[in-house]
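Working notes, beginning with the structure itself.
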Amino acid sequence: MTKNVRVRFAPSPTGPLHIGGVRTALFNYLFAKKHKGTFVLRIEDTDQTRYVEGAEKYIVDALNWCGMPFDEGPDKSEKHGPYRQSERKHLYKQYADELIASGNAYYAFDTAETLDFHRKDHEAKGKTFIYNWHNRLKLSNSLSLSAEEVKAKLDAGEDYVIRFKSPQDETLNLTDIIRGDIKIDTNILDDKVLFKSDGMPTYHLANIVDDHLMEITHVIRGEEWLPSLALHDQLYKALGWDAPEFAHLPLILKPTGKGKLSKRDGDKLGFPVFPLQWTDPKSNDISRGYKEDGYFPEAMINFLAFLGWNPGTEQEIFSLDELIDAFDLNRVNKSGARFDPDKTKWFNHHYMQEQSNNDLAELFKPIVDEKLNGIDVNYIALVIGLIKERATFVSDFWELSHFFFLAPNSYDEKASKKAFKEATKELMQELVSIINTIKDFSAENLQTKIKGWITDNEIGFGKVMMPLRLALVGALQGPDVFDIMYMIGEKESINRIEAAIATL
RNA sequence: GCUCCGUUGGUCAAAUGGCUAAGACGCCACACUUUCUAUGUGGAAUUAAGGGUUCAAUUCCCUUACGGAGUACCA
């Protein structure tokens, strides 16, 4: 690659960034970094009616949380700025005019109503209305009207759009990095609107003008754009520009059923569809986010990278740097991939184990503080060391560790039937007196002493260990009993056993 | 409807003409832990269907079926 690689992520600020958008951004980011190139963020806000307050900030925050900040974009290294299309409005018209001058585009005066009528009319007859070569001369535009008529309409300030004049009877040979060669018959293409009557360009025009001006070398975008490739390709040709290379990414599909992943699937199946929590500014509806649900960005990124791509090796755990190193657009799949919430959790569990106990303690402390006061963060870190292997989220910690902080206030019914037997009371009383003689209250020593006592007296482990655990924890669960005793200390251990004796 | 893209276990997927079709998630069993997890070991489960080309097809070609996207003065 001789040219400096420059890619862009170009979302439109119509709401929070969907997980599919994050994946598109990720692949752009990986490709850029792999080739020591530049990752550009461009905001495609040409449709003012769909603009949503706060969406742009959300996009930037989401990219940063994921650890893939853009190199160039709004308010950052603005070498090719501005990066909001609404602020680039003045740039587009000249190219539309140029296309008209070269005969590649034309003015059209048809109202939305007449077009709508034609579409409905065709539909009723089982046909599709396509505005192109076969009917453009029957419609109201600068190809069907005389030059004088056109000028009169323009001078009168009538609303108009500028449409691209799709060629007739040509075959386009397009190339996509992921899909290979694609042949398109131009006769089925319609004359797309390039410039709207509100003075703004459509996506198509703005997109290729900006990609050209921003010197984008590779366009990596979702598969939903594949049908537009023919138009974009022709636009580059008509303007005499070199087209960038294209790669259309497969879609992310819902976990079950048909169609692409949507917010509803997340709500229904209980997983987030957005990286960060989002509050809709109009309805105040809250959409949950990966961050707030307790996912680590590394886990989400790792999972997303494997949706539609794989390294071809058996390695599955990849840091962002390793992904950059291994990433290759040629290894991206062609077919859509179903989203798997379980696997995302598995990744999160993995990355949880890699976090230090101290870092996790900082995250867990606020939760502990809600329940009781004055717990030392170092104690919390020690607790986490004992329980984190069984946790997927920080939010699992309390459920797994409350007995390190609070004595049980009840005993699990089924467990007590199993553990609390006739002889239990006496055994527990004996156990307390044994514990009282133990000077070194370490987990190891407790284990040696207590197990020694059980073996020496041929009591049977189950008869002691089960009720002991129940007394300490309140249920038959949790880590090693001796670790628990060591952590809560001698006094608390005895208190809990005596509390259990009192109920027997 | 039309156009384009796709189709390997339940899911993510490797292998690209050639040994018993990798691996991961999930599921099941066993082991460990005299608890619950986690972990370890093992297991069940796949080339959409039909036709062709070939000594040989998951891999190449065709048809069908199915899935997806697009078909806006939305991106």
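Below, read A as the first sequence line, B as the second, and so on, with proteins coming before strands; counting in each chain starts at 1. Only this structure's heavy atoms are used, side chains among them; waters, hydrogens and symmetry mates stay out. What you are looking at is a predicted structure, and each value in this text was computed from that prediction instead of being measured.
Formation of a donor-acceptor pair under 3.5 Å by the E389(A) side chain with backbone atoms of Q353(A) is not found in this model. With hydrogens and angles disregarded, no donor-acceptor distance shorter than 3.5 Å links the side chain of N357(A) to the backbone of I384(A). A donor-acceptor contact shorter than 3.5 Å links the side chain of D45(A) to the backbone of S86(A).
For K120(A), no side-chain nitrogen or oxygen approaches OP1 or OP2 of A72(B) to under 4.0 Å. Note on R119(A): every side-chain N or O is 4.0 Å or more away from OP1 and OP2 of G1(B). Distances shorter than 4.0 Å separate some side-chain N or O of N310(A) from OP1 or OP2 on A14(B).
Side chain of S335(A), nearest nucleotide from G6(B), C74(B), G68(B): G6(B). Relative to the side chain of R331(A), the nucleotides A15(B), C12(B), C4(B) differ in distance, and A15(B) lies closest. Distance from the side chain of L226(A) is smallest to C4(B) among C4(B), C73(B), C25(B). Side-chain atoms of L251(A) lie closest to G68(B) of the nucleotides G68(B), A75(B), C73(B). Picking from A75(B), C5(B), A14(B) the nucleotide with the shortest atom distance to the side chain of I182(A) gives C5(B). When the nucleotides G68(B), A75(B), A24(B) are ranked by their closest atom to the side chain of R50(A), A75(B) comes out on top. Among the nucleotides U71(B), C73(B), C12(B), the one closest to any side-chain atom of T128(A) is U71(B). Nearest nucleotide to the S12(A) side chain, out of C25(B), A75(B), G6(B): A75(B). Comparing G6(B), A75(B), G23(B) by their closest approach to the side chain of K334(A) singles out G6(B). Of the candidates A75(B), A14(B), C12(B), A14(B) carries the atom nearest the N333(A) side chain, counting heavy atoms from C-beta on.
If you check every strand for non-hydrogen atoms under 4.0 Å, K258(A) touches sugar and phosphate atoms only. At a threshold of 4.0 angstrom between heavy atoms, the contacts of D412(A) with the nucleic acid are absent. Contacts of K260(A) with the nucleic acid, taken as non-hydrogen atoms under 4.0 Å apart, involve only primed sugar atoms and P, OP1 or OP2. Residue G222(A) is classed as having no contact, given no heavy-atom separation below 4.0 Å to the nucleic acid. Across all strands shown, F306(A) has heavy atoms under 4.0 Å from sugar-phosphate atoms exclusively, and none from any base. At the heavy-atom level, K451(A) lies under 4.0 Å from the strands shown only through sugar-phosphate atoms. At a threshold of 4.0 angstrom between heavy atoms, the contacts of V193(A) are confined to the sugar-phosphate backbone, with no base atom among them. At a threshold of 4.0 angstrom between heavy atoms, the contacts of T46(A) are confined to the sugar-phosphate backbone, with no base atom among them. Residue R338(A) is classed as a sugar-phosphate contact, given heavy-atom separations below 4.0 Å to backbone atoms only.
Ring geometry, F303(A) versus F339(A): the interplanar angle exceeds 60°, so the pair is classed perpendicular (tilted spans 30 to 60°).
Pairing for U8(B) is absent, with no Watson-Crick or G-U wobble pair whose two atom distances lie under 3.5 Å. The partner of C55(B) is G18(B), by the rule that a Watson-Crick or G-U pair needs both atom distances under 3.5 Å. Pairing of U71(B), defined by two Watson-Crick or G-U wobble distances under 3.5 Å, is identified with G1(B). With a 3.5 Å ceiling on both atom-pair distances, the Watson-Crick or G-U wobble partner of G50(B) is C62(B). When both distances must be under 3.5 Å, the Watson-Crick or G-U wobble mate of U41(B) is A29(B).
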Fill in: nucleotides 36-41 of chain B: protein proximity per nucleotide (B base, S sugar-phosphate only, - neither; heavy atom, under 4.0 Å)
BBS---
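Contact annotation: the side chain of V273(A) never approaches that of S262(A) to less than 4.5 Å [non-hydrogen atoms, C-beta and beyond].
Applying the 6.0 Å contact sphere to CD of Q94(A) captures more than 12 heavy atoms from other residues, nucleotides or ligands.
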Discussion item. Please evaluate residues N28(A) and R8(A) with respect to the criterion side-chain hydrogen bond (donor to acceptor under 3.5 Å, both in side chains), reporting the C-alpha separation (whole Å), side-chain torsions for both, the decisive distance (0.1 Å), and the verdict.
Written reply: CA-CA 7 Å; N28(A) 272 282; R8(A) 85 296 193 281; 5.8 Å; no
